[in-house]
Amino acid sequence: MTPAPASAAPAALRGHIVTFRGNPFLMPPHDALVDEPDGLVIITDGRITHAGAYGETIRHLPAGMPVADYRGCLISAGFVDTHVHYPQLPMIAAYGEQLLEWLERYTFPTERRFADETYATTIARQFLHGLLRCGTTTAAVYCTVHPQSVDAFFGQSTRLGTLMVAGKVLMDRNAPDYLRDTAQRGYDESRRLIDRWHGRNRQHYAVTPRFAPTSTPEQLELAGALLKGDDTLFMQTHLAENRAEVAWVADLYPDSRSYLDVYDRAGLVRPRSVMGHGIYVDEHDLCRCHESGCALAHCPTSNLFLGSGAFRLFDVMDAKRPVRTGLGTDVGAGTSLSHLQSMNEAYKIAQMTGKRLHPVQAFWLATRGGAEALHLDDRIGAIAPGMDADLCILDPRATPLQALRAQMCDSTADILFTLMMLGDDRSIRATWVGGRLVHDRDMPAI
Ligand code: GUN
Ligand code: ZN
């Protein structure tokens with residue numbers, strides 16, 4: 001276990017606790033939800049020691065410990081973003097293209113700038129503050145091909161005490177010269193970054209081949225070699241996001257049964273592997289994901305923005321072989337760092353496919369589901385004794401319209417639904433990381 005930041009002062013939070021005792025795709029949503037309208041969370045040394053009804057939990061409050069009063073707001077585990085690119089923050093909302101042209105026209109030139117570590121540090125800082133402002137406390141993050149972009153990111157995350165997963169992008173073909181490494185250089189640079197950052201404070205390394213078209217088979221093999229023998233390491237890549245991309249992969253890897261199989265042959269399909277998107281996958285692939293423990297990151301705002309397609313969430317979560325799944329913003333193809341917005345668009349994609357995404361299911365995906373996808377659910381994603389105190393405070397009355405709509409809410413599920421349909425960063429009253437207040441909407445200096 002990695003220690004929580006030692007500087008965290010003891011604290012307690014009072015408000016409406018919402019968290020999970022089970023997976024609402026596999027049991028009735030109301031049975032999966034832990035709902036404590038007047039709750040108390042007590043934190044010591046960055047971890048939750050007690051959580052429950054205020055009337056019962058107050059007797060555990062150490063003498064003199066201050067209580068932050070969030071009555072009228074929900075206390076949730078911090079959101080988990082399972083797929084996002086920090087260097088793409090400056091190019092969010094780039095007009096007009098679908099995936100492959102969008103990469104060439106906007107993404108690669110933007111990522112070039114991260115050769116400059118000072119620039120990378122500035123953007124990493126803005127990105128992390130942007131996440132915290134949206135209630136996201138953990139993310140699986142792509143840096144660029146430049147090792148210094150990884151140093152910049154983990155340096156800023158260490159400063160804030162956030163639990164992050166990140167890695168250097170590997171790309172040794174089908175990319176501009178200025179963004180290409182070689183299979184050997186990518187291996188060596190990743191190895192050095194793993195030694196420097198993995199398991200240091202709350203930072204975790206992800207071996208990060210961008211996607212099959214920009215890596216040779218040799219590079220994917222070496223990515224597998226980096227992972228071999230260390231099951232604490234993460235792996236992240238893109239999978240079957242766009243039809244033209246899938247056709248390209250079939251051309252480049254004619255011997256593979258499927259896109260997923262390209263990664264599988266290299267030893268990249270395993271626990272703590274996170275595949276972004278997974279829209280065009282078949283039953284065989286989903287069975288393989290289920291049995292291997294690898295995860296899919298559903299990125300609704302990105303899939304709509306790039307016109308990529310509709311993720312089959314309820315098929316993926318089928319009880320006969322559920323696949324670990326979290327939500328990803330996929331900024332800069334995604335259009336918001338806010339998981340409330342991810343939930344909003346996930347609901348609409350489900351509607352378009354004839355399904356109904358229950359608000360309890362949506363909030364589970366954004367918290368506990370994401371933590372399970374990363375195999376970090378023993379640390380984050382729920383409110384319970386022993387868990388890291390990474391929390392977000394949600395205000396259901398953040399705007400005049402939401403205050404009006406809140407008057408009609410007659411259940412916790414309805415409060416959650418209005419938050420996911422109408423909410424954004426204004427709905428995040430505060431964010432706590434490792435028991436420390438790191439964002440306060442009403443006191444912007446923090
Ligand atoms: N596939 C390969 N690279 C990328 C990327 O940067 N964003 C998205 N959405 N898909 C990708
Ligand atoms: Zn992506």
Side-chain angles (χ1 to χ4, degrees), residues 81-114 123 127 139-146 149 153 165-176 179-181 186 206-215 219-220 223 234-249 252-253 259-260 262-263 268 273-281 295-311 326-337 342 345 370 373:
D81 186 341
T82 57
H83 182 108
V84 62
H85 304 251
Y86 96 82
Q88 296 176 12
L89 191 64
M91 51 148 291
I92 190 170
Y95 174 76
E97 308 292 359
Q98 296 212 346
L99 176 64
L100 300 177
E101 298 75 23
W102 174 86
L103 284 171
E104 295 278 347
R105 180 167 171 197
Y106 298 112
T107 313
F108 293 154
T110 304
E111 294 194 1
R112 182 178 200 172
R113 299 193 62 183
F114 289 73
I123 302 300
F127 170 83
V141 180
Y142 289 61
C143 302
T144 65
V145 75
H146 314 98
S149 73
F153 180 77
V165 177
K168 172 201 129 74
V169 164
L170 300 167
M171 260 199 298
D172 68 343
R173 66 167 165 175
N174 294 321
L179 282 185
R180 275 205 309 266
D181 53 16
V207 175
T208 307
R210 178 172 219 118
F211 67 156
T214 49
S215 285
Q219 183 161 64
L220 295 182
F234 292 77
M235 197 289 302
Q236 57 186 351
T237 190
H238 295 85
L239 172 72
E241 172 180 5
N242 164 291
R243 288 188 193 280
E245 170 213 9
V246 172
W248 193 16
V249 171
L252 290 170
Y253 292 90
Y259 196 155
L260 183 74
V262 172
Y263 296 137
L268 304 180
S273 289
V274 186
M275 311 281 169
H277 307 290
I279 294 172
Y280 303 103
V281 290
L296 297 179
H298 175 26
C299 306
T301 74
S302 166
N303 296 161
L304 291 171
F305 180 73
L306 291 179
S308 300
F311 184 75
L327 286 179
T329 61
D330 195 25
V331 162
T335 49
S336 172
L337 286 177
S342 302
E345 306 276 72

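Both counts, for ligands and for their atoms, begin at 1 and track the order of listing. In this text, all values refer to a predicted model and were calculated from it rather than measured experimentally.
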TODO: Please determine if the Zn ion (ligand 2) has an N/O/S atom from His277 lying under 2.8 Å away.
DONE: no
Task: Element-labelled atoms of ligand 1 that are located less than 4.0 Å from some non-hydrogen atom of Phe211 - done: 1 (N), 2 (C)
- [ ] Could you tell me whether Trp102 approaches ligand 1 through its side chain, its backbone, both or neither, with non-hydrogen atoms closer than 4.0 Å?
- [x] side chain
- [ ] Provide the atom name of the closest N, O or S atom of His83 relative to the Zn ion (ligand 2).
- [x] NE2
Open item on the list: Just by distance, no angles: are the side chains of Glu245 and Tyr259 close enough, under 3.5 Å, to form a donor-acceptor pair?
Closed with: yes
Task: Tyr142 heavy atom under 4.0 Å from ligand 1 - done: no
- [ ] To the nearest 0.5 Å, tell me how far Gln98 CD sits from Glu241 CD.
- [x] 10.0 Å
Open item on the list: Ring centroids only, cut at 6.0 angstrom: are Phe211 and His277 within range, meaning strictly under it?
Closed with: no
- [ ] Give yes if a backbone or side-chain nitrogen or oxygen of Glu111 is under 3.5 Å from a nitrogen or oxygen of ligand 1, and no if not.
- [x] no
Open item on the list: Given 3.5 Å as the limit, does a donor-acceptor pair link the side chain of Asp330 with the main chain of Ala333, or not?
Closed with: no
Task: Which of the ligand 1 atoms, numbered from 1, are nearer than 4.0 Å to a heavy atom of Ala333 - done: 9 (N)
- [ ] Give a yes or no on whether Cys299 keeps an N, O or S atom under 2.8 Å from the Zn ion (ligand 2).
- [x] no
Task: Proximal ligand 1 atoms for His277, defined as those under 4.0 Å from one of its heavy atoms - done: 9 (N)
- [ ] May I ask you to check whether Tyr86 and Phe114 place their ring centers less than 6.0 Å from one another?
- [x] yes
- [ ] Could you tell me whether the side chains of Asp181 and Gln219 share a donor-acceptor contact shorter than 3.5 Å?
- [x] yes
Task: Flag, side chain of Thr237 to backbone of Arg210, donor-acceptor distance under 3.5 Å - done: yes
- [ ] Determine, considering heavy atoms only, which of His83, Glu241, Arg210 sits nearest to atom 10 (N) of ligand 1.
- [x] Glu241
TODO: Compute the minimum heavy-atom distance from Gln88 to ligand 1 and say whether it is under 4.0 Å.
DONE: yes
Open item on the list: Please work out, at 4.0 Å between heavy atoms, whether the side chain, the backbone, both, or neither of Thr214 comes within that distance of ligand 1.
Closed with: neither
Task: Donor-acceptor under 3.5 Å (Arg173 side chain, Thr214 main chain) - done: no
TODO: Return yes if some donor-acceptor pair links the side-chain N/O of Ser342 with the main-chain N/O of Thr329 below 3.5 Å, else return no.
DONE: no
Task: Minimum-distance atom from the Zn ion (ligand 2) among N, O or S atoms of Asp330 - done: OD1
